Enquirer: 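Quick one: the structure is below, questions incoming.
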Amino acid sequence: MPKKTLKVAVLGLGTVGSGVPVILQEQKDKIEQIIGMEFIITKALVRDVKTKKELAQKYNIKLVLDIKEIVQDPEVDVVVELIGGIKLARDFIKEALNARKHVVSANKDLVATYAEELITLAKAQSVNFYYEAAVAGGVPILRTLSSSLNADGICEVLGIVNGTTNYMLTQMSQEGKTYDEALTSAQELGFAEADPTNDVDGIDAAYKMVILTAFAYGMKISLDSVEKQGIRALQSQDVKNANLLGYVFKLIGCSRKQKAGVDVSVAPALVSKSHLLANVHHEMNAIFVKSAGIGESMYYGLGAGSLPTATSVVSDLVEIAKNISQKKIGVPFNTYETATKFAEDTQIFDKYYFNIELHSKKGNFDQLKDLFAKAQVKIKQTIDQGTQVLVLTYKISKEKKNKILKMIVDESSFELSSVYRVFD
Ligand code: HSE
């Protein structure tokens, strides 16, 4: 007979950790009806017992300061890691897996960096390691990719997977705020951390794209192989230009697969106002998937926050309970694996927006057009703003884009203000 109660220990009772007991209590009847078991949070690892006392009393959770009290407790079935960061979280998860506890984590930095090690360990120990909340918080994208879309051939995953930067870009384009004003506002609302580096430099989104690439194509890639550009250098003028041209700036995580291989990047891009992703505003997240069978589909929701993220965490607990009752052990979250192959710059095609300053208007505009022709870059549209010229191209290879960029930089009559990808 399978166990009727699964005992859970939570590492960290912060924003997400404090949401887990709430969801388990609110959805208790539904969960028990589905899995025929109940979850009880018996222990929580915290740094400071005093500040978490009230919450612990309310849900009858024993607070502990030492991980050993959890991993050495034979009663604990599942450990939920919600402390974030890499080093300590990795050590704790390894201790838990080695003690044959199932593990749930919401830690994208850790999963993107050490998934292979942790998945191998979980398999060896015949336990489950799940991490739905690691990408886009409350949006159930990983399970959708690994289960619902398992019969579909995915060729493109475009994600707005960082709520902080999406909030900031919305403030810049809808409210006319500067980058600094938008960042202050994001910090006041608690979206951005005091040190927002990972958000604004695209690192947080890149971690998520590493995980999405593994689930979409079965390819293991490292953070270093994701080309990253954040929103720090984005100028208000480019945001205004985009708006005039019928586009909106979004920080786009892009993972595409073609025969030649994958290309994965994170960068601000102009997204056509008619694209579904252009309507993903404020702190919302969305993942737009192109696939052979379904065609286009989009998964939208809150990418952070206590209850949305805790809901994904609890859905992992439910999956683990199902596996236990079906006697399925050591089943990886994502079982799809193929050899990793990267596309070359000559095989990656995109449309681009160039913002170029002409040192003198006279003659320079024609010279600029000649330069594009020489690089065999087809221009779709130019917008003459005096000594500032905007150029929208047709699809060109990344190799050609780099070629024209170098030509512009080398030519003393011009100065490149910015270049961004365009998604129609
Ligand atoms: N800093 C992240 C964001 C939190 O803004 O989306 C969720 O991963």
Side-chain angles (χ1 to χ4, degrees), residues 12 14-20 80-86 89 104-115 130-143 157-172 177 179 182-215 223 226 228-232 234 249-255 266-268 277 280-288 299-316:
T15 307
V16 183
S18 57
V20 175
V80 177
E81 182 276 309
L82 300 168
I83 58 171
I86 293 190
V104 172
S105 172
N107 190 331
K108 69 250 159 188
D109 309 26
L110 180 71
V111 173
T113 317
Y114 290 106
Y130 285 173
Y131 39 89
E132 176 62 69
V135 176
V139 185
I141 185 62
L142 297 184
R143 197 153 287 116
V157 178
L158 298 181
I160 294 176
V161 286
N162 182 267
T164 303
T165 45
N166 201 39
Y167 171 81
M168 288 173 65
L169 292 174
T170 306
Q171 290 290 303
M172 288 170 79
K177 286 196 177 160
Y179 171 89
L183 178 58
T184 305
S185 169
Q187 282 172 322
E188 278 166 6
L189 287 166
F191 298 141
E193 303 293 324
D195 175 3
T197 307
N198 278 13
D199 292 313
V200 298
D201 287 343
I203 299 162
D204 175 81
Y207 279 130
K208 293 165 182 165
M209 295 315 293
V210 167
I211 303 171
L212 286 170
T213 300
F215 276 65
L223 187 70
V226 182
K228 295 173 274 303
Q229 182 189 349
I231 65 163
R232 235 183 249 271
L234 184 62
F249 264 100
K250 295 286 172 196
L251 184 71
I252 296 292
C254 171
S255 176
V266 172
L277 284 173
V280 178
H281 299 305
H282 311 293
E283 74 275 28
M284 300 309 288
N285 280 206
I287 296 97
F288 179 86
Y299 309 87
Y300 170 91
L302 279 166
S306 182
L307 297 187
T309 313
T311 305
S312 285
V313 167
V314 173
S315 82
D316 281 345

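Indexing begins at 1, ligand by ligand and atom by atom, following the structure's order. Nothing here was measured: the structure is a model prediction, and the numbers come from that model. All values below come from the heavy atoms of this structure, side chains included, with hydrogens, waters and symmetry mates left out.
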Enquirer: For ligand 1, what is the set of protein residues having any non-hydrogen atom at a distance below 4.0 Å?
Expert: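 Correct list: Lys108, Asn162, Gly163, Thr164, Asp199, Asp204, Lys208, Gly303, Ala304.
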
Enquirer: Is any NZ, NE, NH1 or NH2 atom of the basic residue among Asp201 and Lys228 found under 4.0 Å from an Asp or Glu carboxylate oxygen of the other?
Expert: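 A salt bridge is absent here (no side-chain N lies under 4.0 Å from a carboxylate O).
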
Enquirer: Taking Thr309 for the side chain and Gly137 for the main chain, is one N or O donor matched with an acceptor at less than 3.5 Å?
Expert: no

Enquirer: Can a donor-acceptor pair be found, under 3.5 Å and without considering hydrogens, that links the side chain of Asp204 to the backbone of Asn198?
Expert: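 It does not hold such a pair.
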
Enquirer: Just jot down the side-chain hydrogen bond (donor to acceptor under 3.5 Å, both in side chains) partners of Ser105, sequence neighbours excluded, or say none.
Expert: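 So Ser105 forms a side-chain hydrogen bond (donor to acceptor under 3.5 Å, both in side chains) with Glu81.
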
Enquirer: Check Val266, Leu234, Leu251 against Thr165 for a side-chain contact (heavy atoms from CB on, under 4.5 Å) and give me the one that passes.
Expert: Leu251

Enquirer: Where the side chain of Asp199 meets the backbone of Ala192, is there a donor-acceptor pair that is under 3.5 Å apart?
Expert: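 Not confirmed, Asp199 side chain does not pair with Ala192 backbone.
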
